[in-house]
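In the text below, chain A, chain B and the rest are named by the order of the sequence lines, each starting its count at 1. FYI, side chains are in, hydrogens and waters are out, and symmetry mates aren't considered; it's all heavy atoms of this structure.
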Amino acid sequence: MSTENTAPAAPSNFIKAIIEDDLKTDKWGGRVHTRFPPEPNGYLHIGHAKSICLNFGVARDYGGKCNLRFDDTNPLKEDVEYVDSIQEDVRWLGFDWDGRCFYASDYFERIFECAVALIRKGLAYVDSLSAEDIRAYRGTLKEPGRNSPYRDRSIEENLDLFMRMRAGEFPDGAHVLRAKIDMKSPNVVMRDPTLYRIRHAAHHRTGDAWRIYPMYDFTHCLSDSFEGITHSICTLEFENNRELYDWVLDALGMYHPRQYEFARLNMTGVVLSKRKLIKLVEEGVVDGWDDPRMPTICGFRRKGFTPESIRDFCERIGVARSNNLVDYALLEHCLREDLNARAPRVMGVLKPLKLTIVNYPEDQTEEFEFPFHPENEAMGSRKLPFCRDLYIERTDFLENAPKKWFRLAPGMEVRLRYAYYVRCVEVVKDASGEVVEVRCEYDPATKGGWSNDGRKVKGTLHWLSARHAVPAEFRLFEHLFLTGGAAANVDDPEAAAASLNPNSLETLRGFVEPGLADAEPGWRCQFERTGYFVADTKLTRPGAPVFNRTTGLRDSFAKELQKG
RNA sequence: AGGGGAGUCGCCAAGUUGGCAAGGCAACGGGUUUUGGUCCCGUCAUUCGAGGGUUCGAAUCCUUCCUCCCCUGCCA
């Protein structure tokens, strides 16, 4: 399935331990069958990727299956747009449900029958309390609840009412179907949980066929059971719901998968709450779900991340039961490791500064060979034009250089990558004192960017011929929030505004080498010395490329400077 | 007057029956380098939330305590 030559030994985790143990004891007849069960009410984010990699990953590793199942029981929040995006993202991540894409809504009739069976067993009843009363009767975390006055309706009456609920005879909220369990249970989930509610709403798949919709707790265990799931893996917040999961299946005497919970992913610098992400989209704080600043799968995709790097990340963070906060730097590390090996090296100048070679013939042009990957000859090379008028990076020149500076400065000599050594002989400034051009002399004996005379030239600069470079736009991204991660407050408008990073998107107008004029949308590369980039899939046009910075290169010099 | 979980390096995280505390990220040193990138080498937990106990021996067993997370939707 994947290459294992570079991958470190996969860390074991408790889910795998359970599966291996089950395989050993033949608990499920040798089967491993998981499922990834998103609700189609938003786009998938990096936290979902952890769950996807876990569920599809163990199925793959142990010769089992993993279903994609949409948990679509709440027509008010769900939409086909989300269904489509979820399928696209799971596929992009590299997983295949092998035709087993299911919907909880496909089971509505069977689920309804289960509810009827529960009523017949005297284990469910129609409650006619208002929502507020139900809440009041439920008690508190420390105090037991009380029985609803409708709890002892006869089976016949319950059946009649439930059928009429289905028939649409009652308005929303008039009745609910509840499991008859224990209003004094220390586990609040078990205090006669709601199984069905009335919702006169069109469902994105079943249309107007239903006026009642089953709740998550009732739907999920039954769906798992219908599909023959063996290991039902979910996140920690469903731990309390496991008791109900088991109760429903036992009450009905049905095939009974086991639920296991793991800790969801938290990461520095990003918000991973669906509710908050929706808000960012709806309020126009970002461009949409696939804004490169979003921690969504499609956001990372548009930013230039590879599915391989995300899978590697999910492998490395491990799966455990303790709350965690993973450093964003780990994701970046996985990305760089992948891109370093695959991304062709090309030239781009983000913040151009004119460099004129005063002793180079005015009308002369020559070409130099540039390999696409210095460490991988197989990736080939191309020639780039050189002339008297060049662009270099503005940040590569400093009039008053600090101690360890080995880029360009007055009197200093640097190497222009694969071309010549040049020495700065003059600085041209505009009226405001800003440097607008540096003038240099080149050494013809250093053609190709090398000299055998033992001269030590520590700095190597990337450059572009000003006469041949093509204009390009570069988009640099930073975290959306200053305060970082889970702490970001999206609900309080003032706090949200204060925590928003005003520089999360910076657009630069620079130049790229001629061959990149018609860069294919989605094409990834490394602009030497600056970072990994991808041609934006929405904004790039033939002759007018737009590049998103996927991530910068590691920069030990920046650290050096900070230290002073 | 609750119930369910979790505490191992700055961040993740292994540690199956007690027997020398894996690995990754980050950080920090050094080497190589026509990318201040990559790569290579090295450093980085006498201690596992705290105390007590059992034991020749405890992150692992017992015990008391502390901290954090989840649960009172007709959301999932």
Novice: Contact class for Asn241(A) (heavy atom, under 4.0 Å): base, sugar-phosphate, or nothing?
Specialist: base
Novice: Quick one: the side chain of Gln526(A) and the base of U35(B), do they pair up donor-acceptor inside 3.5 Å?
Specialist: yes
Novice: With the side chain counted from C-beta on, respond yes when Pro371(A) and Tyr418(A) share a heavy-atom pair under 4.5 Å apart, and no when they do not.
Specialist: yes
Novice: Taking atom P in both G15(B) and C28(B), what distance in whole Å separates the two?
Specialist: 31 Å
Novice: Count the heavy atoms belonging to other residues, nucleotides or ligands that lie under 6.0 Å from CD of Glu377(A), then report whether that count exceeds 12.
Specialist: no
Novice: For Phe474(A) and Phe547(A), take the angle between the two ring planes, folded into 0 to 90°, and tell me which bin it lands in: parallel under 30, tilted 30 to 60, perpendicular over 60.
Specialist: parallel
Novice: Hey, does Arg345(A) reach any base, or is it just sugar-phosphate, or nothing, if we go heavy atoms under 4.0 Å?
Specialist: base
Novice: How are the rings of Tyr107(A) and Phe102(A) set relative to one another: parallel (under 30°), tilted (30 to 60°) or perpendicular (over 60°)?
Specialist: tilted
Novice: For Val326(A), report the nucleic acid contact type (base, sugar-phosphate, nothing); a contact means any heavy atom under 4.0 Å.
Specialist: sugar-phosphate
Novice: Counting any heavy atom closer than 4.0 Å, what does Arg554(A) reach on the DNA or RNA strands: base, sugar-phosphate only, or nothing?
Specialist: sugar-phosphate
Novice: Looking for any heavy atom pair under 4.0 Å, which part of the strands does Ala320(A) touch: base, sugar-phosphate only, or nothing?
Specialist: sugar-phosphate
Novice: For a quick check of understanding: with a heavy-atom distance under 4.0 Å over all strands, which category does Phe406(A) fall into, base, sugar-phosphate or nothing?
Specialist: base
Novice: Indicate, with a heavy-atom threshold strictly under 4.0 Å, whether Ser130(A) touches base, sugar-phosphate, or nothing.
Specialist: base
Novice: Take atom P in C41(B) and the same atom in G23(B), then report the distance between them in whole Å.
Specialist: 14 Å
